[in-house]
Amino acid sequence: MTLQISGLTSGYGRSSVLQGVDLDVPDGRVLGLLGRNGVGKTTLIHTVMGLVRPTGGSITLDGEELAGRRSDQVARAGLALVPQGRRIWPNLDVTEHLDLASRRGGGAGIWTVPKILELLPRLGERRNHLGGQLSGGEQQMLAIARALLTGPRMLLMDEPSDGLAPTIVDQIGGVIGTLKEQGVTVLLVEQDLHLAFLVADKIAVMVKGQIAHRCSTADFRADEPTARRLLGVA
Amino acid sequence: MTEWFADNFVSILNGLAIGSLLFILAVGLSLVFGMMDVLNLGHGALYLIGAYVGYQFTGGVSSWGGFLTALGVAAAFGLVAGLILSVATEPLVGRGHLDQALLTLGVALVVAEVISIIFGDDVQNVVAPPGLNESIQVFGNTYPAYRLALIGVGAVLAVAVWLVIEKTSLGALIRASVSDREMVSAVGVDNRKVKAGVFAFGSMLAALAGVLGGPVYGARTGLDETVLLLALVVIVIGGLGSVRGALIGSLVIGQVESLGRANFPDFASFMLFGALALVLIVRPRGLFGSKVGAG
């Protein structure tokens with residue numbers, strides 16, 4: 001499943017955030033998208049998912065044009081979102097989340113509820129708890145489960161490490177690693193370099209609404225001056 | 001205390017009857033507003049249509065056939081009107097409440113005027129069906145049987161709606177839409193269909209409320225504005241998008257209206273908005289508001 005983004009522009013009201021993004025995520029790979037706060041990473045994810053309307057450019061999934069479609073159409077075309085802040089429905093229990101996600105959606109659903117519970121056993125233990133009663137890590141697992149159950153060809157993950165303890169971040173990394181082994185394509189937005197380096201094959205860096213740099217994860221780790229210049233970190 | 005209770009027993013029953021009717025009216029308005037952020041000021045007009053359908057089909061005669069026909073016709077009318085309103089407001093989703101208020105209020109004004117042209121401005125009676133069209137003794141008080149039946153119908157509907165919302169997968173979809181509809185869309189559900197379904201269901205209940213309220217309040221011009229105002233107060237007090245909130249809000253407003261008018265007739269209107277102001281000061285999201293910072 002190749003996602004190709006070219007010349008994508010988008011924003012909120014009169015402020016334009018994406019200034020012509022060109023990016024492609026190859027089939028079966030994990031692309032880590034890095035960048036400082038406010039460079040447009042979440043806007044990019046939301047635009048690809050159809051939650052923000054693009055003002056120009058194109059987004060294709062295996063040649064199928066997605067730009068300008070509603071998010072439910074994008075979901076049925078095979079993209080699934082693990083959003084920033086997890087956005088679990090607080091007044092639905094875990095089972096209801098899983099049912100709602102698997103009842104709809106379109107892709108070639110290789111992910112079933114039993115398979116999900118094997119991957120994320122903690123969710124099975126918390127089956128009857130409301131989304132709002134779960135810990136941050138459990139909510140993140142549920143957000144991943146919800147996305148997988150829609151039968152996606154590709155996952156968009158927006159800062160899954162956000163606000164979680166390091167041990168939980170490692171668990172999330174393990175889950176993404178398992179998904180990768182199973183051939184799931186992932187566009188991973190991360191501030192946590194440790195997690196990005198752990199799972200990503202390739203790295204792209206966003207600066208001011210555009211992709212400023214692309215390379216393999218190994219090259220990026222070796223090139224500390226570039227990392228420091230683009231991200232302001234070591 | 002017991003003496004006060006005995007003195008006010010009839011008022012309390014009246015409050016329960018008003019509360020039941022308000023719940024049937026307000027629950028749909030609350031779900032559509034809470035879920036899709038669409039403010040439908042045409043909700044009162046749907047009640048008005050129901051009231052005149054009740055008048056038309058009972059024709060001033062007490063009959064079960066006429067009353068049940070009226071309920072069926074009003075339900076069908078409400079479903080269709082709800083679908084039309086849902087489609088009409090679709091381009092206005094996310095465009096601010098003023099645009100939605102202008103459109104739906106405009107529709108409501110046209111409907112009220114058309115009804116006034118057809119039926120005139122006189123107050124019309126809707127007659128309760130046989131058996132309910134009389135008074136009975138309740139703990140030594142004479143009380144209209146129809147109002148007791150109305151309390152019963154309200155209770156049954158409240159339980160039914162609660163069960164659907166809390167215990168079914170359809171209800172889960174509606175609850176999810178109330179708390180974060182973007183994420184519902186992101187799992188592949190077309191929001192517009194959910195909105196149309198809830199809009200149609202809520203509008204059907206509003207039109208049914210018009211028929212059910214007929215034997216108590218009759219059918220007259222201006223009733224649409226009165227009930228819309230009460231329904232808005234109920235959902236502000238109860239919290240948007242919450243069935244439990246709509247129920248509690250309805251029961252509170254029912255008692256405030258009834259006990260307030262009976263005990264402090266000069267301040268009845270003040271008490272309604274006093275209760276509203278009090279809730280807004282203490283809990284700005286309403287007693288059971290479900291909007292708990294989505295995102």
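Throughout, a chain's letter reflects where its sequence line sits, starting with A, and its residues are numbered from 1. What you are looking at is a predicted structure, and each value in this text was computed from that prediction instead of being measured.
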Hey, what do you get for CG (B:L173) to CG (A:L92), rounding to the nearest 0.5 Å? 9.0 Å
To the nearest 0.5 angstrom, please state how far the CG atom of B:D190 sits from the CZ atom of A:R76. 6.0 Å
Considering all heavy atoms of both residues, which atom of A:W89 and which atom of B:S179 are nearest to each other, and what is their separation? CD1-OG, 3.4 Å
Sequence neighbours left out, what passes salt bridge (Lys or Arg N to Asp or Glu O under 4.0 Å) with A:R122? Give chain and number order. A:E125, A:E138
Over all atoms of both residues, closest heavy-atom pair of A:A75 and B:A186: CB-O, 3.3 Å
Hey, mind stepping through B:S169 and A:D99 against side-chain contact (heavy atoms from CB on, under 4.5 Å) and telling me if it holds? CA-CA 8 Å; B:S169 57; A:D99 287 349; 5.7 Å; no
Quick check: closest heavy atoms across B:R175 and A:N91, and the distance to 0.1 Å? NH1-O, 2.9 Å
Considering residues, nucleotides and ligands other than A:R70, do more than 12 of their heavy atoms fall under 6.0 Å from its CZ? yes
Could you tell me which residues in residues 43-51 of chain A have at least one non-hydrogen atom under 4.5 Å from a non-hydrogen atom of chain B, sorted by residue number? A:M49, A:L51
Take a 6.0 Å sphere around CZ of B:R244 and say whether it holds more than 12 heavy atoms from other residues, nucleotides or ligands. no
Mind listing the closest non-hydrogen atom pair of B:M183 and A:P83 along with its distance? SD-CG, 3.6 Å
Between B:E182 and A:R87, which heavy-atom pair has the shortest distance, and what is it? OE1-NH2, 2.9 Å
Shortest non-hydrogen separation from A:L100 to B:A176 and the atoms involved: CD2-CB, 3.7 Å
